[in-house]
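Heads up, the thing below is written out as structure tokens.
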Amino acid sequence: MSACVPARTTDANHTERTHPPHSPPPSGPRRPRIASADVSAAVAVFLIALPLSLGIALATGAPLQAGLVAAAVGGLVAGRIGGSPLQVSGPAAGLTVVTADLIQQYGWRTTCAITVLAGLAQLGLGCLRVARGALAVSPAIVHGMLAGIGVTIAVAQLHIVLGGTPQSSVPDNLRALPSQLADLHPAALFVSLLTLTLLLLWPRLPGRAGLLLHKIPAALVAVAGATAIAAAAGLVLPKVDLPSWRNHALAGLPEGPVLGLVAAVLTTTLVCSVQSLLGAVAVDKLASARPGGARVARSDLDRELLGQGAANIVSGSLGGLPVAGVAVRSSANVHAGAVSRNSTMLHGVLVVAAALLMVPLLEFIPLASLAALVMAVGIQMVSLHHIRTVTRHREVLVYAVTTLGVVSFGVLEGVALGIAVAVGVALHRLTRTRITHELEEGVHHVHVRGQLTFLAVPRLSRALHLVPQGSHAVVALDGSFMDHAAYETLQDWQSTHTAQGGTVEITGRRSGVRIAEPAALASAHLTGVDAGADGASEAHCRCRPWTAWRNHQCERPSLLPAGDRRPDPADATGGGSGADGANGGSGANGGSGVDGTRGTAASRTAAHGTGAGGKDAAAGAGGADPTQAPEPDRDGAGAGANASAGAGSGGSQLVRGISTFQRYTAPLVRGELARLAREGQRPAQLFLTCADSRVVTSMITSSGPGDLFVVRNVGNLVPPPGAESGDDSVAAAIEYAVEVLAVRSITVCGHSGCGAMQALLDSGPGGGAGTPLRRWLRHGQPSLERLGAGSAVPPRLTGRTPADAVERLCLTNVVQQLEHLRAHDCVARALKDGALELHGLYFHVGEAQTYLLTERDEETVFDRVRAVDLAM
């Protein structure tokens, strides 16, 4: 045994150290630590929750302590058990109308018992793990319900604002409003208007002082300011009256008709659950959109339902209002920087302390001030953003019926009406099918727009019988559903029509549906294609319904010879067309190793009758029926429906794509293009990118006609001024964009798997210039030299290192081409005047992820551009 290795001791009394060497032993159990961000967020939420809890209790007619109990229980119980760490629960304005009706009908103690039973029902739903099912409720119904509740709250609190007493329903409040206006109480009206004024103007304070004061919640400032001024002026007003906690009423046994109590429990459960679950989803969106900071786990909706149920059981048992997730407090919690559920729980502790220690101060608050605060909350529940959204999605009828139903009859009745109307609208859309017949150049076109069900079979049959015997017909199916009755009708007509010498072509976006006879199916199988209306078979085709825009064929790979099978679409080196060479093998880069290093096996599939165009091709973007044998064109021309049998893949695909544009897209964009034709182009950006067909500029920038001035070349290169073998076309485009079009930014966009960068690496420094392509790639030599120099820190991606040398060169090339841009006189002048910005982008094709170039700590970093809900 080596002397350097200590022998193990066999002493039975020896004990191992449980702490690292050279460090003191642990001094007892560790105490939980609360982040400072959680503390500040808890204080901000508490300052909002305190006045709102009292105001909601006042609006329901419950004891004012009930609002404080619900706020405390929502923070402590729901905050600890719930599945949404940052959602703040408490008495919600959305439950005001429900609770007020229950108190008026059954009394306070029975209402508390109903709250307990609703909590038990929520626990049961949480154990059944049906929380996601609550999200199936149409957002139009939810927003309509909240809007109706908001209108009800605002109309009821208006009477208190005017110094009176609200009635039991909205119609009664509206009828009593004229007499209330005739009997105004100036003091109450003054305090209410002062509260509303402070609530409106506080967030709009200008200047640096305004930025500091905005940290104090407007609700607290409004109530505290109105209370202070009312006390200083000596106004005599009804104020908050908090009885002793010794006299606080707890839950009692439910009393009343069984069916009525069951309906009350179901209503409370529905409103609490839906509002809490939708709030949890909204909180996730807000938290994910926060720039930087700690990441918070996504909500567990089933656990959130369990937490809300437990909170309602405790709140009802202690004499509190029903508990649900509250949007105002939750958004304040997220914006204040909370990072864990500790902020929600600490806010509950602060509410308990206020309820026990601040009673004398709370009793100075005028009821008119709380009523004005709650009325403002009710008005905000009628969201113009939600109205625009449901209008855009053609669900305004559902929204309006739900809102009017809640206002006129109640929450449960209004929601039931909304569900009924939503079902009716869905059925109407399902059965609304438009079938037309047109004769164009000797071809009969039957166009079916909408879902093809048995209800549309009579109209479909009439349209099909308008097609004469022996003629050529095209049936376009523009829908996503066809039932068995419609399928049989179409199949029987097709069999009869073809038997009488006619031809039928079935087109549309209907993957997996085959309308063909057995003989035709056998013939189609021999050619290696399937007989879908899209030419797509779910079992063998790689296409998906959303890939109609892709240059992708749908033959069965197993039926093609091994050497002629199409490369996997996931293979970035084998995809694309044109300049990328994967489809034709003769593009600028095809077969040369620039952007198609894996060869062009797909280009040989045309020899087997499976080219991208034609009736035998079964192209995903097409729609020709591959089950019918192609016929030569009767006029001898190489175009039309039948010309594709003998045409190459490119020409037929081009004609098919243009035809699809003219039929579907052109009517939608014609007005905008006409405006651009009148006004001329005024793009805001010059976008310089590679000619690679996989880089679709309009897709990755969400732009349309007139937005981008695009320059594309192999390798997204910008020749510097005066470069040998220079190309004036790029410089001319830059000068035109900057001097004439006055663009405000120039973007250089590189991409992953760039064949030009691979060719640069293969050729090495000072590569030959024997061909036009090689002469052009000499403008990329500075990028190659920059990568190999090692004098500067190479560009990197956030979250990971570059995958290989090609990706490192792609990133370096973007940085180098930006330097070339700055060397152009027009660009330099615009940058000096502050009229132009330069941006660098890197698009990873396989990940569909864009990275934006930024400078950070003397490093060049490409930051991942994240998906953010800009409407939030």
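- Glu413 CD to Thr267 OG1: the interatomic distance, rounded to the nearest 0.5 Å, is 7.5 Å.
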Note to self: Could you walk me through whether Leu464 and Leu490 satisfy the side chain to side chain contact (heavy atoms under 4.5 Å, CB included) test, starting with their C-alpha distance in whole Å, then the side-chain angles of each, then the deciding distance to 0.1 Å, before giving a yes or no?
What the structure shows: CA-CA 8 Å; Leu464 294 176; Leu490 193 55; 3.9 Å; yes
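- Thr436 has its side chain out of reach of Val446: every pair of non-hydrogen atoms, C-beta onward, lies at least 4.5 Å apart.
- For the atom pair Gln491 CD and Thr496 OG1, the distance stands at 10.5 Å (nearest 0.5 Å).
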Item checked: Arg459 vs Arg434, side chain to side chain contact (heavy atoms under 4.5 Å, CB included): CA-CA, chis, key distance, verdict -> CA-CA 9 Å; Arg459 284 176 288 158; Arg434 183 183 176 188; 6.0 Å; no
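- Scanning for salt bridge (Lys or Arg N to Asp or Glu O under 4.0 Å) contacts around Asp284 gives an empty result, with sequence neighbours left out.
- Residue Leu270 holds its CG atom at 8.5 Å from CG of Leu266, rounded to the nearest 0.5 Å.
- Of the inter-residue distances, the one linking Thr489 atom OG1 with Gln494 atom CD reads 13.0 Å to the nearest 0.5 angstrom.
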Note to self: Ile419 vs Val415, test: side chain to side chain contact (heavy atoms under 4.5 Å, CB included). Steps then yes/no.
What the structure shows: CA-CA 6 Å; Ile419 292 175; Val415 171; 4.0 Å; yes
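- There is no side-chain donor-acceptor pair under 3.5 Å between Arg388 and His386.
- Gln275 has its side chain out of reach of Val142: every pair of non-hydrogen atoms, C-beta onward, lies at least 4.5 Å apart.
- Counting all heavy atoms, side chain and backbone alike, Ser471 lies closest to His444 at OG-CD2, 3.7 Å.
- In this structure, Gln469 places its CD atom where only 12 or fewer heavy-atom neighbours from other residues, nucleotides or ligands lie under 6.0 Å away.
- Under the 4.5 Å side-chain criterion, counting only non-hydrogen atoms from C-beta, Gln451 is not in contact with Met482.
- Looking at heavy atoms from C-beta onward, Leu477 lies in side-chain contact with Ile506 at the 4.5 angstrom threshold.
- The heavy-atom pair separating Ser461 from His465 by the smallest distance is O-ND1, 2.7 Å.
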With a 3.5 Å cut-off and sequence neighbours excluded, list the donor-acceptor pairs that the side chains of residues 399-406 form with protein atoms.
from: Thr402; atom 1: OG1; to: Val398; atom 2: O; distance (Å): 2.8
from: Thr403; atom 1: OG1; to: Gly144; atom 2: O; distance (Å): 3.1
from: Thr403; atom 1: OG1; to: Tyr399; atom 2: O; distance (Å): 2.9

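- Using a 4.5 Å heavy-atom threshold, the side chains of Val423 and Leu427 count as touching.
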Next item on the list: In sequence, state the C-alpha distance, the side-chain angles, and the governing distance for Val448 and Leu460, and then conclude on side chain to side chain contact (heavy atoms under 4.5 Å, CB included).
Entry: CA-CA 8 Å; Val448 181; Leu460 175 64; 4.1 Å; yes
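- With hydrogens and angles left out, the side-chain atoms of Ser273 and Gln122 include a donor and acceptor closer than 3.5 Å.
- Across every non-hydrogen atom of Leu305 and Gly126, the tightest pair is CD2-N, 3.7 Å.
- Pairing each heavy atom of Glu395 with each of Ala140, the nearest pair is OE1-CB, 3.7 Å.
- The local environment of CZ in Arg432 is sparse, with at most 12 non-hydrogen atoms from other residues, nucleotides or ligands closer than 6.0 Å.
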Notebook entry, point to check: Between His437 and His445, is a side chain to side chain donor-acceptor pair (under 3.5 Å) present by the stated rule, with each step listed?
Noted result: CA-CA 6 Å; His437 170 265; His445 294 269; over 6 Å; no
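- Considering all non-hydrogen atoms of both residues, Ala280 and Ser299 come closest at O-OG, 3.7 Å.
- Heavy atoms of other residues, nucleotides or ligands lying less than 6.0 angstrom from CD of Glu679 number more than 12.
- Side-chain contact between Thr689 and Phe843: absent, with no pair of heavy atoms (C-beta onward) separated by less than 4.5 Å.
- One N or O on the side chain of Thr660 and one on the backbone of Arg656 form a donor-acceptor pair closer than 3.5 Å.
- Looking at Arg675, its side chain never comes within 3.5 Å of a backbone N or O of Arg670 through a donor-acceptor pair.
- Atom CG of Leu259 has 12 or fewer neighbouring heavy atoms from other residues, nucleotides or ligands inside a 6.0 Å radius.
- Heavy-atom contacts from other residues, nucleotides or ligands closer than 6.0 Å to CZ of Arg298 number 12 or fewer.
- Here CD of Glu488 is found 10.0 Å from CG of Asp483. Values are rounded to the nearest 0.5 Å.
- The closest side-chain heavy-atom distance from Val151 to Met381 is not below 4.5 Å.
- Heavy atoms only, all atoms of each residue included: Leu673 and Pro705 are closest at CD2-CB, 3.6 Å.
- Residues Asp302 and Arg129 are paired through a salt bridge, judged by an N-O separation under 4.0 Å between the basic side chain and the carboxylate.
- With contacts defined as side-chain heavy-atom distances shorter than 4.5 Å, the pair Ile435/Thr433 qualifies.
- Once rounded to the nearest 0.5 Å, the distance linking CZ of Phe687 with CZ of Arg712 reads 9.0 Å.
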